[in-house]
There are 2 protein chains.
Amino acid sequence: MDDAGRADRREMHEASLLLRRILTLNDEVEKQLAEELDVNPTDFDAMQHLIQSGPLSPSEIAARLGITTAAATMAVDRLVKVGHVTRQPHPSDRRRLLVVPREESVRRAMARLLPMIGETDALLSRYTDAEQAAITDYLARTVQILQRTLGRDGA
Amino acid sequence: MDDAGRADRREMHEASLLLRRILTLNDEVEKQLAEELDVNPTDFDAMQHLIQSGPLSPSEIAARLGITTAAATMAVDRLVKVGHVTRQPHPSDRRRLLVVPREESVRRAMARLLPMIGETDALLSRYTDAEQAAITDYLARTVQILQRTLGRDGA
DNA sequence: AGCATATTGTTAAGTTCCTTAGCTATCAAG
DNA sequence: CTTGATAGCTAAGGAACTTAACAATATGCT
């Protein structure tokens with residue numbers, strides 16, 4: 001090892017490096033959008049789930065974000081305060097409640113993300129069916145590798 | 001809009017959904033590895049840079065992580081305490097110092113990540129040159145889209 | 001039905017990690 | 001050698017998380 005403890009990347013494919021770049025860039029995009037919506041990373045994460053899945057209970061939000069229900073309560077407090085969500089009673093269970101995203105907030109987030117989503121999606125059309133199949137297969141197998149890595153806890 | 005404010009994803013390509021899945025899975029893998037190394041997310045992020053780039057100064061770490069130098073000082077304190085890095089004087093500037101990752105810690109992290117990196121990289125070999133070109137092109141253009149999205153601050 | 005147990009959301013106290021502000025030591029330039 | 005910039009650190013304050021304990025409601029057992 002003659003390069004002083006630096007990880008060796010000379011054997012990595014161009015595609016692997018690009019995928020890493022995508023991962024870091026996505027973090028930056030999310031961070032920027034969170035700032036635009038005046039919420040912290042956690043609250044933005046919650047908003048993403050609410051936008052994608054519709055109204056959720058605080059406990060469901062806690063589970064999805066990997067935080068405690070106490071933290072979820074505080075996150076919802078903050079989102080209510082800035083007007084991004086409202087608390088509504090659950091129709092059949094009076095213990096529960098539903099956190100409902102405000103339509104205006106959903107629109108603002110979507111307006112910002114739709115161009116990216118649209119471009120990403122339109123991108124596929126540039127390729128032949130065979131190429132698209134290869135791309136999809138590559139991504140699917142990458143998902144499998146990540147899931148396998150998650151399963152292999154080193155402990 | 002008859003599905004109660006839920007984002008519409010019926011028009012998204014399979015590949016786009018897989019890419020999103022990769023993004024969330026990667027977060028989970030990083031979180032798990034951080035726990036295995038007994039460090040918080042920030043310190044793990046710092047370790048990633050140290051592993052990939054070799055010794056760095058605290059200010060460089062601060063810049064890369066998007067935190068203040070004060071926070072970087074405290075992060076290095078924590079990493080020193082658990083033995084993942086050492087502080088060494090800069091050879092030519094006595095104000096500076098170099099944060100050097102311990103070889104043992106680098107090995108532990110790499111032992112965990114190398115299988116994934118290797119598999120990800122080997123994955124490419126499954127495809128023909130034309131398919132590989134398509135995959136690389138797709139990823140490169142996705143990077144461009146993300147960079148463009150970053151540029152478009154909605155404010 | 002009635003009572004024990006579980007679940008949902010909340011609050012309170014304590015911890016961790018960040019920021020801002022200010023400081024010291026060192027370097028670079030005149 | 002003095003002035004200004006830079007690197008890293010400390011201290012105080014704030015934001016967001018955790019654990020623990022609680023009230024209200026639901027569920028299940030006998």
Side-chain angles (χ1 to χ4, degrees), chain A residues 27-28 30-32 34-50 53-82 84-101, chain B residues 27-28 30-32 34-50 53-82 84-101:
Chain A
D27 284 345
E28 291 176 37
E30 290 193 356
K31 189 176 168 187
Q32 190 182 71
E35 285 173 11
E36 282 175 31
L37 294 178
D38 293 309
V39 296
N40 66 36
T42 299
D43 298 357
F44 176 72
D45 202 355
M47 281 303 292
Q48 277 192 309
H49 283 277
L50 289 168
S53 307
L56 299 172
S57 68
S59 48
E60 174 67 21
I61 291 174
R64 293 192 184 203
L65 269 54
I67 59 180
T68 61
T69 60
T73 293
M74 295 184 289
V76 173
D77 281 345
R78 292 189 295 266
L79 287 172
V80 168
K81 186 179 287 184
V82 295
H84 284 322
V85 305
T86 58
R87 276 187 240 244
Q88 292 186 6
H90 189 283
S92 67
D93 188 337
R94 274 187 294 182
R95 290 171 307 178
R96 295 191 203 178
L97 56 87
L98 286 177
V99 179
V100 182
Chain B
D27 284 346
E28 291 177 36
E30 289 193 355
K31 189 176 168 187
Q32 190 182 70
E35 285 173 10
E36 283 175 29
L37 295 177
D38 293 309
V39 296
N40 66 39
T42 299
D43 300 357
F44 177 72
D45 203 354
M47 282 302 294
Q48 277 193 308
H49 283 278
L50 290 168
S53 306
L56 299 172
S57 68
S59 48
E60 173 68 21
I61 291 174
R64 294 193 185 201
L65 269 53
I67 60 180
T68 61
T69 60
T73 294
M74 294 185 289
V76 173
D77 282 345
R78 293 188 296 265
L79 288 172
V80 168
K81 185 180 285 185
V82 296
H84 284 322
V85 304
T86 58
R87 276 188 241 244
Q88 292 185 5
H90 191 283
S92 67
D93 187 337
R94 274 186 295 182
R95 290 170 307 179
R96 295 191 202 178
L97 56 86
L98 286 177
V99 179
V100 183

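Basis for what follows: all heavy atoms, side chains included, without hydrogens, waters or symmetry-related copies. We name chains A, B, ... by the order of the sequence lines, and we start the count at 1 in each one. The structure displayed is predicted, hence computed values, not measured ones.
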> Between A/Ser53 and A/Arg64, does a side chain to side chain donor-acceptor pair (under 3.5 Å) hold up when you go through it step by step?
Replying inline: CA-CA 11 Å; A/Ser53 307; A/Arg64 293 192 184 203; 2.8 Å; yes
Could you give the [atom1]-to-[atom2] distance, from [X] to [N], as a whole number of Å?
| X | N | atom1 | atom2 | answer |
| --- | --- | --- | --- | --- |
| B/Arg87 | D/dA7 | CZ | C1' | 12 Å |
| B/Ile61 | D/dG8 | CD1 | P | 9 Å |
| A/Asp45 | D/dC17 | CG | P | 11 Å |
| B/Arg96 | C/dT26 | CZ | P | 15 Å |
| A/Arg95 | D/dA26 | CZ | P | 7 Å |
| B/Leu56 | D/dA7 | CG | P | 14 Å |
| A/Leu65 | D/dA16 | CG | P | 14 Å |
| B/Glu60 | D/dG8 | CD | P | 10 Å |

Smallest separation among heavy atoms of [X] and [Y], with atom names:
| X | Y | result |
| --- | --- | --- |
| B/Val76 | B/Val85 | O-CG2, 4.3 Å |
| A/Leu98 | A/Ser57 | CD2-N, 4.2 Å |
| B/Ile67 | B/Ala72 | CD1-N, 3.9 Å |

> Roughly how far apart are A/Leu79 CG and A/Asn40 CG, rounded to 0.5 Å?
Replying inline: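 With rounding to 0.5 Å, CG (A/Leu79) is 8.0 Å from CG (A/Asn40).
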>> Once rounded to the nearest 0.5 Å, what's the spacing between atom NZ of B/Lys81 and atom CG of B/Asp38?
In response: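 Spacing of NZ (B/Lys81) from CG (B/Asp38) equals 13.5 Å.
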> Where the side chain of A/Thr73 is concerned, which of D/dG8, C/dT10, C/dT8 is the nearest nucleotide?
Replying inline: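 Selected nucleotide: C/dT10.
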>> Side chain of A/Ser59, heavy atoms from C-beta onward: which of C/dT10, D/dG8, C/dT8 has the nearest atom to it?
In response: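 Nearest nucleotide to the side chain: C/dT8.
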> Is the backbone of B/Leu37 close enough, under 3.5 Å, to the side chain of B/His84 for a donor and an acceptor to pair up by distance?
Replying inline: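 Indeed, once roles are kept as given, a pair shorter than 3.5 Å links the two residues.
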> What string of B, S and - do you get for nucleotides 17-24 of chain C 5' to 3' if you count protein non-hydrogen atoms under 4.0 Å?
Replying inline: SBBB----
>> Does C/dC27 have OP1 or OP2 under 4.0 Å away from a side-chain N or O of B/Arg94?
In response: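 It does, given that an N or O in the side chain of B/Arg94 lies less than 4.0 Å from OP1 or OP2 of C/dC27.
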